[in-house]
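For reference, the structure is listed below as structure tokens.
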2 protein chains.
Amino acid sequence: MDQELRTLVDRLKALSHPLRLRVLALLGSGELCVCQVAETLQVAQSSVSEALRDLRQAGFVQERKEGRWVFVSLLRGKAASRLQKAVLAEAAGLTIVQADRSRADTVQQLPLPIPCPKGAPRTAKRGAHRA
Amino acid sequence: MDQELRTLVDRLKALSHPLRLRVLALLGSGELCVCQVAETLQVAQSSVSEALRDLRQAGFVQERKEGRWVFVSLLRGKAASRLQKAVLAEAAGLTIVQADRSRADTVQQLPLPIPCPKGAPRTAKRGAHRA
DNA sequence: GCTTCATTTCGGGATATTCCGAATTGAGGA
DNA sequence: TCCTCAATTCGGAATATCCCGAAATGAAGC
């Protein structure tokens, strides 16, 4: 079908989702690593990873690797589209987004190896790796 | 819960769809009635009706009834959101949108009782109601 | 080499969306 | 009133999306 239209629709679709929109808005206040985002928003890391993949494909975020961690941040300045700016401006006013950012401040104080299986019973032994 | 977020997501979702986006962009060049939109875009009237319902609920379009017809148009000026303006600006550049607008010009020349069952092999012309 | 662990990818059941034709609604004309 | 017909709503099958836990990946350290 029409590739231009598809592309614009896909970019909009990336934003039309509660988790992805919260992730985008959260990154509006600065760079975080994947596990910090997961901890801040209290969702499974795989969900955050998928949300970030979609946002990256849509051209809204970029990644930077540092050691084991992947830090993600918004594209800024000229690289940021009109669309991104408009949506960020809308999202920044939402109560939940402000709460998320506040929570991120707390999470960022923690030393980086965050207990990643966030609330889970860590006592359960992990199975063998290479099945 | 998080009604604000839901609302913003729903507005974005209304835009994240090929047909709805084309309808919105089409109305960017002026008011049309439902059947003119269906004829222009070559889709079932019920699909256009549903697309317009979604766009209306999301606060992007308004309707005006005249006789049997329902004319739809964009909200303009202060009533138009940042979001709408940003997306319209993006969409206006798309080839398919420009083609749709061009086709709408032709459709608008036709006398208004447009042969609504679009696929039907209808060659007869009808009496004029309004230019 | 081996182990650890943040991250990604996979599998898939549950849920939501999309689109059309058919049926219904409602305003206008005769 | 009855008929017409633009528009809307309905039914539902096909398709897409969402979200998680499990498994795989790959970099860092031992």
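Because the structure is predicted, anything quoted here is derived from the model rather than measured. Lettering of chains follows the sequences in order, A, B, ..., and the numbering in each one begins at 1.
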Check whether any side-chain N or O of [X] sits under 4.0 Å from OP1 or OP2 of [N], and answer yes or no.
| X | N | result |
| --- | --- | --- |
| B:R20 | C:dT18 | yes |
| A:H17 | D:dC18 | yes |
| A:S47 | D:dC20 | yes |

Is the base of C:dT4 touched by the side chain of A:R68 through a donor-acceptor pair closer than 3.5 angstrom?
yes

B:E50 (side chain) and C:dC20 (base): donor-acceptor pair under 3.5 Å
yes

Quick check: on DNA chain C, is the nucleotide nearest A:K13 upstream (toward 5') of the one nearest A:L52, or the reverse? Name the residue that is more 5'.
A:L52

[N] [atom2] sits how many Å from [X] [atom1], rounded?
| X | N | atom1 | atom2 | result |
| --- | --- | --- | --- | --- |
| A:Q36 | C:dT7 | CD | P | 8 Å |
| B:Q57 | D:dT8 | CD | C1' | 13 Å |
| B:L15 | C:dT18 | CG | P | 12 Å |
| B:E39 | D:dC5 | CD | C1' | 16 Å |
| B:R53 | C:dC20 | CZ | C1' | 14 Å |
| A:F71 | C:dA6 | CZ | P | 12 Å |
| B:Q45 | C:dT25 | CD | C1' | 14 Å |
| A:Q42 | D:dC19 | CD | C1' | 16 Å |

Short N-O contact, B:D10 and B:R6, less than 4.0 angstrom:
yes

A:E66 vs A:S16, nearer the 5' end of DNA chain D by closest nucleotide
A:S16

Please compare A:G67 and A:D10 by the position of their nearest nucleotide in DNA chain D and report the one closer to 5'.
A:D10

Value rounded to 0.5 Å, distance of NE2 in A:H17 from CG in A:L12
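With rounding to 0.5 Å, NE2 (A:H17) is 15.0 Å from CG (A:L12).
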
Given side-chain contact (heavy atoms from CB on, under 4.5 Å), test A:L15 with B:V9 step by step and report yes or no.
CA-CA 8 Å; A:L15 302 171; B:V9 166; over 6 Å; no

To the side chain of B:S49, which of D:dG21, C:dT7, D:dT8 is closest?
D:dT8

Closest listed nucleotide, where the reference is the side chain of B:V34 and the choices are D:dC20, D:dT8, D:dT9
D:dT8

Is a side-chain N or O of B:R101 found less than 3.5 angstrom from the main chain of B:L27, in a donor-acceptor match?
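No.
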
Reckon A:K65 touches a base, only the sugar-phosphate, or nothing at all at heavy-atom distances under 4.0 Å?
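Result for A:K65 = nothing.
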
Residues 48-58 of chain A, side-chain donor-acceptor partners within the protein, below 3.5 Å, at least two apart:
{"from": "A:D54", "atom 1": "OD2", "to": "A:R20", "atom 2": "NH1", "distance (Å)": "3.3"}
{"from": "A:R56", "atom 1": "NE", "to": "A:E63", "atom 2": "OE1", "distance (Å)": "3.4"}
{"from": "A:R56", "atom 1": "NH2", "to": "A:E63", "atom 2": "OE1", "distance (Å)": "3.4"}

